2 protein chains.
Amino acid sequence: MFSQSEENYLKAIFHLQQEMDGGVSTSSISAHLNSKAASVTEAVKRLAEKNLVDYQKYYGVQLTETGKEHALAVVRKHRLWESFLVDRLNFNWDEVHEVAEQLEHIKSHKLVEELDIFLGRPAYDPHGDPIPDAKGNIPEIPKKKLSQLQKGDRGTCKGFNDASSPFLKYLAKLQIGLGTSVEVINIEKFDESMTVRIEDNEVQLSKTATDNIYVEQ
Amino acid sequence: MFSQSEENYLKAIFHLQQEMDGGVSTSSISAHLNSKAASVTEAVKRLAEKNLVDYQKYYGVQLTETGKEHALAVVRKHRLWESFLVDRLNFNWDEVHEVAEQLEHIKSHKLVEELDIFLGRPAYDPHGDPIPDAKGNIPEIPKKKLSQLQKGDRGTCKGFNDASSPFLKYLAKLQIGLGTSVEVINIEKFDESMTVRIEDNEVQLSKTATDNIYVEQ
DNA sequence: CTCAATATTTAGGCAAAGCTAATAATTTTT
DNA sequence: AAAAATTATTAGCTTTGCCTAAATATTGAG
Ligand SMILES: [Mn+2]
Ligand SMILES: [Mn+2]
Ligand SMILES: [Mn+2]
Ligand SMILES: [Mn+2]
């Protein structure tokens, strides 16, 4: 039906439009996918041709209903496969993303459904991200970044925005994972870096790091 | 490393060279992959460039050592995934081939090894085909076609040459599966069709069918 | 409000993979 | 041993998807 490349664009646009409002810009897509802006322009033209996105020259793209449905189906597959790899095949949570990037493009309705059943219809993937159901419903949890907390606030880690292996390994080293309790001890004015308490240790986190950690207060 | 298309060619050549001796012809590859001879010629030139096959114009191709290793790795993945689909995800044996055609191209050494362990290192896939081990070793079982048996001979089904859904459904209807005992009751001279006994029933099988059923006497 | 900086699109290339039609080599038939 | 039939290769075109460099539109600073 759709090519891997097309699916990657749909997924990227889906994720980006959660963050921004209005159209998703050519440059944000190209940054997200490590490609060049010119390639993105060409790609979104093809997607618009197929009615998967609305595209206004110079003003970015937005997914159509069909485009969003398909993007959600890809996200569902990605997260189900990540769950499979961690829960059944002894992968670490920092090893699954690249493989899931490939597996998410396998086309078989039955495969997705049976995998879902086999895994016991999980609601969240190993990184704490919600898994859309077969109809594309996804629990809209209001996400708060750790960087948004104030001095003295406490919270529990609910997810991470960067699925890269280096970041996840870094978190593991600091003993930060899903469900970890954190307390903001101090925030440096000049670089917004944070001192947080995790169990009995105090650790320093850069703004870059705290921007990528989601918490629930 | 290698593209899906390249892997499909390697696998096709591997299977074809088991049957013929000497070089594998352009036309046999194109028939196997449902493509045109001209496309095959171009593809084998690219494969030869990468030292995956030896190619002599007009005289077909043969896999190099590297080419064979890679082909076996793809066959290993195909058969492991088929086993996974049938053993763990409730697929029927006639539904798995198309999906495995996609899954066999997923690139992750760890994934293959963990899947193998998860499945209990199976030796055969759901169709009775042997699964190569991580080093590419594959038990060379001497295959005999049902069509090669004589009147009065008995045998046990060990595998099938055609993995297509229609053929496998046909076999299921006749109650023929792996391990089924058959006895040759009669062979028609003019079309080589066979009457065989399966349990207490006698069924008629065309030469086309008996050519695709492997037995052990 | 104008001009420079930034973002985006267009133009022009390239490689992979496929196709059809034309050509050339091999094999089979007379 | 030719001629005919079959098989394989080459030539020329197409689409997808990506790139760089050039052109153009938008935006933001003064
Ligand atoms: Mn991921
Ligand atoms: Mn994830
Ligand atoms: Mn198969
Ligand atoms: Mn099989």
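All values below were derived from every heavy atom in this structure, side-chain atoms included, with hydrogens, water molecules and symmetry-related copies excluded. Please read these numbers as outputs of a predicted model, since none were measured by experiment.
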Query raised in the report: Which ones in residues 53-64 of chain B lie close to DNA chain C, meaning a heavy atom under 4.0 Å from one of its atoms?
Result: B:Tyr58, B:Tyr59
Query raised in the report: Between residues 1-18 of chain A and DNA chain C, which residues have a heavy-atom gap below 4.0 Å?
Result: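 Hits under 4.0 Å, by residue number: none.
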Under 4.0 Å, heavy atoms only, any strand: does [X] hit a base, just the sugar-phosphate, or nothing?
{"X": "B:Thr41", "result": "base"}
{"X": "A:Ala43", "result": "nothing"}
{"X": "B:Thr26", "result": "sugar-phosphate"}

Query raised in the report: Of all nucleotides in DNA chain D with an atom under 4.0 Å from a non-hydrogen atom of chain B, which is the first and which the last going 5' to 3'?
Result: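 The footprint of chain B covers D:dA8 to D:dG12.
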Query - Short side-chain donor-acceptor distance under 3.5 Å, A:His15 and A:Glu19 - result: no
Query raised in the report: Does A:Arg46 make a cation-pi contact with A:Tyr9, if we ask for NZ or CZ under 6.0 Å from the ring centre and within 45° of the axis?
Result: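 Not satisfied by the 6.0 Å and 45° rule.
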Query raised in the report: Is B:Thr64 reaching over with its side chain to a backbone N or O of B:Asn51, donor-acceptor style, under 3.5 angstrom?
Result: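 Indeed, once roles are kept as given, a pair shorter than 3.5 Å links the two residues.
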Query - Plane angle bin for A:Phe2 and A:His70 - parallel if under 30°, tilted between 30 and 60°, otherwise perpendicular - result: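 Answer is perpendicular, since the angle exceeds 60°.
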Query raised in the report: Should the ring pair B:Phe84 and A:Phe84 be called parallel, tilted or perpendicular, given that the plane angle runs from 0 to 90° and is split at 30 and 60?
Result: tilted
So, are [X] and [Y] salt-bridged, with charged N and O less than 4.0 Å apart?
{"X": "B:Glu113", "Y": "B:Arg76", "value": "yes"}
{"X": "A:Lys207", "Y": "A:Glu188", "value": "no"}
{"X": "A:Lys110", "Y": "B:Glu98", "value": "no"}

Query raised in the report: Can you find a heavy atom in the side chain of B:Val215 that is under 4.5 Å from one in the side chain of B:Leu149?
Result: yes
**Report entry** Beyond-backbone contact of A:Asn90 with B:Ile117, side-chain heavy atoms, under 4.5 angstrom
**Finding:**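 No - every pair of side-chain heavy atoms lies 4.5 Å or more apart.
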Requested in this report: Indicate whether OP1 or OP2 belonging to C:dT8 is found under 4.0 Å from a side-chain N or O atom of A:Ser27.
Outcome: yes
Query raised in the report: Do any side-chain nitrogens or oxygens of B:Arg46 fall under 4.0 Å of OP1 or OP2 in C:dA16?
Result: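 For C:dA16, OP1/OP2 do not have a side-chain N/O of B:Arg46 under 4.0 Å.
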What is the distance, to the nearest angstrom, from the [atom1] atom on [X] to the [atom2] atom on [N]?
{"X": "B:Leu47", "N": "C:dG18", "atom1": "CG", "atom2": "P", "value": "11 Å"}
{"X": "B:Lys50", "N": "C:dA15", "atom1": "NZ", "atom2": "P", "value": "13 Å"}
{"X": "B:Glu42", "N": "C:dT20", "atom1": "CD", "atom2": "P", "value": "12 Å"}
{"X": "B:His105", "N": "C:dA17", "atom1": "NE2", "atom2": "P", "value": "12 Å"}

**Report entry** From B:Glu7 atom CD to B:Leu47 atom CG, the distance as rounded to the nearest 0.5 Å
**Finding:**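 One gets 11.0 Å once the value is rounded to the nearest 0.5 Å.
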